[in-house]
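See below for the structure under consideration.
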Amino acid sequence: MPDDRMHRELMDYLLSLHDRYRAELKVLLPEIELTEPQAAALWRMNDEPETTARGIAARLRCDASTATSMIDRLEQHGLVRRVPHHTDRRAKIIQLTARGRKVRQQLIRHATEHSPFRHLGPASTRRLHELLRQATSER
């Protein structure tokens, strides 16, 4: 089992990667006219047919009111729309608009092109992918 020092170093590496990602993201944000939290919400959205505010809150690990505020701002930017849920009249499904899909793809492309993992070979990338998947899976 790795010692405490190794766990600390792993966290240092993760924080360093996060800082690099945020710095690179700040280059794109003015162009796509989003804040960092809005970009994070957009990143985690996809075309799942049943995405609700509650589901987005779970992905962002925030409360429902925070997610609702974020969705409001994304809707004001024309990136998402709310449509009635087909079985629950109280719920709304959050869908990406065509513009939302385009901006989301731009965000993902930018992050991928500036990824700190780009220099890794295919085998290392697959191994890191598996390790990160294991580390982030719900237990």
Side-chain angles (χ1 to χ4, degrees):
M1 173 176 274
D3 61 17
D4 288 343
R5 180 172 165 252
M6 186 171 292
H7 282 286
R8 191 198 75 220
E9 287 179 6
L10 284 170
M11 292 307 301
D12 286 344
Y13 292 142
L14 288 174
L15 290 171
S16 177
L17 288 170
H18 182 258
D19 292 344
R20 284 178 60 186
Y21 167 75
R22 290 182 70 204
E24 194 56 55
L25 182 62
K26 286 182 180 186
V27 172
L28 178 66
L29 291 177
E31 181 181 331
I32 61 175
E33 299 177 343
L34 293 177
T35 64
E36 194 172 323
Q38 291 167 344
L42 191 64
W43 177 282
R44 288 176 174 90
M45 292 188 69
N46 54 36
D47 287 325
E48 289 179 17
E50 300 295 317
T51 302
T52 62
R54 187 177 312 274
I56 292 169
R59 287 183 199 152
L60 294 173
R61 299 187 190 277
C62 66
D63 59 50
S65 65
T66 300
T68 298
S69 296
M70 189 68 55
I71 293 163
D72 288 345
R73 289 191 289 282
L74 292 173
E75 191 173 36
Q76 290 167 0
H77 284 287
L79 302 174
V80 301
R81 67 176 157 258
R82 290 175 167 100
V83 298
H85 193 282
H86 63 280
T87 59
D88 183 350
R89 294 185 331 172
R90 297 168 298 160
K92 298 288 184 187
I93 294 174
I94 312 303
Q95 296 177 336
L96 288 171
T97 63
R99 181 170 184 264
R101 284 189 296 278
K102 179 181 174 189
V103 172
R104 181 178 184 271
Q105 193 57 40
Q106 186 178 0
L107 176 65
I108 291 169
R109 184 175 38 256
H110 181 85
T112 302
E113 289 171 357
H114 297 91
S115 170
F117 308 117
R118 290 186 62 83
H119 71 281
L120 298 177
S124 294
T125 301
R126 281 191 296 277
R127 181 70 180 136
L128 179 59
H129 181 274
E130 177 59 21
L131 291 170
L132 291 173
R133 187 193 62 74
Q134 288 176 24
T136 59
S137 67
E138 298 294 325
R139 295 180 197 244

Taking 4.0 angstrom as the limit, do D4 and R8 come out as a salt bridge? no
How many angstroms lie between atom CD1 of I108 and atom CZ of R101, to the nearest 0.5 angstrom? 12.5 Å
Rounded distance [0.5 Å steps], CZ in R20 versus CD in E24: 9.0 Å
Taking every non-hydrogen atom, the tightest pair across R99 and G78: CB-O, 3.8 Å
Report yes if the side chains of R127 and L120 come closer than 4.5 Å at any heavy-atom pair, otherwise no. no
Evaluate the side-chain proximity of K26 to E36: yes if any heavy-atom separation is below 4.5 Å, no if none is. yes
Taken to the nearest 0.5 Å, the spacing of D12 CG from H7 NE2 works out to 13.0 Å
Test log, rule side-chain contact (heavy atoms from CB on, under 4.5 Å), inputs R44 and I56: CA-CA 8 Å; R44 288 176 174 90; I56 292 169; over 6 Å; no
Spell out, yes or no, whether Y21 and L60 are grouped together once hydrophobic residues are joined by side-chain heavy atoms under 4.5 Å, including indirect joins. yes
Quick one: pull up CG in L79 and CG in L74 and give me the separation to the nearest 0.5 Å. 5.5 Å
Between Q38 and H77, is there a side-chain heavy-atom distance shorter than 4.5 Å? yes
Roughly how far, to the nearest 0.5 Å, is CG of L34 from CZ of R73? 10.5 Å
Heavy-atom side-chain contact between R109 and Q105 under 4.5 Å: yes
Kindly check if the number of other-residue, nucleotide or ligand heavy atoms within 6.0 Å of NE2 (H129) is above 12? no
If you look at every heavy atom in I94 and T52, which pair is closest and at what distance? CG1-C, 4.0 Å
Same hydrophobic cluster for L128 and L10, using side-chain heavy-atom links shorter than 4.5 Å among ILVMFWY? no
More than 12 foreign heavy atoms under 6.0 Å from CD of E33: is that the case here? no
Least distance between heavy atoms, L42 atom then G100 atom: CD1-O, 4.1 Å
Would you mind checking if R82 and D72 are paired as a salt bridge, meaning a charged N to carboxylate O distance below 4.0 Å? yes
Counting distance only, does the side-chain N/O of T68 pair as donor-acceptor with the main-chain N or O of A64 below 3.5 Å? yes
Nearest heavy-atom contact between P116 and L17 is CG-CD2, 3.4 Å
Q106 vs E31, side-chain contact (heavy atoms from CB on, under 4.5 Å): CA-CA, chis, key distance, verdict: CA-CA 10 Å; Q106 186 178 0; E31 181 181 331; 2.8 Å; yes
Looking only at heavy atoms, what is the nearest atom pair of E113 and R118, with distance? O-CD, 3.1 Å
Pair I71-K92, side-chain contact (heavy atoms from CB on, under 4.5 Å): steps then yes or no: CA-CA 11 Å; I71 293 163; K92 298 288 184 187; over 6 Å; no
Smallest separation among heavy atoms of L107 and A39, with atom names: CD2-O, 3.3 Å
Start with the C-alpha distance between R5 and E9, add both sets of side-chain angles, then the distance that settles salt bridge (charged side-chain N to carboxylate O under 4.0 Å, His left out), and finish with yes or no. CA-CA 6 Å; R5 180 172 165 252; E9 287 179 6; 3.2 Å; yes
State the OG1-CZ distance between T97 and R104, to the nearest 0.5 angstrom. 12.5 Å
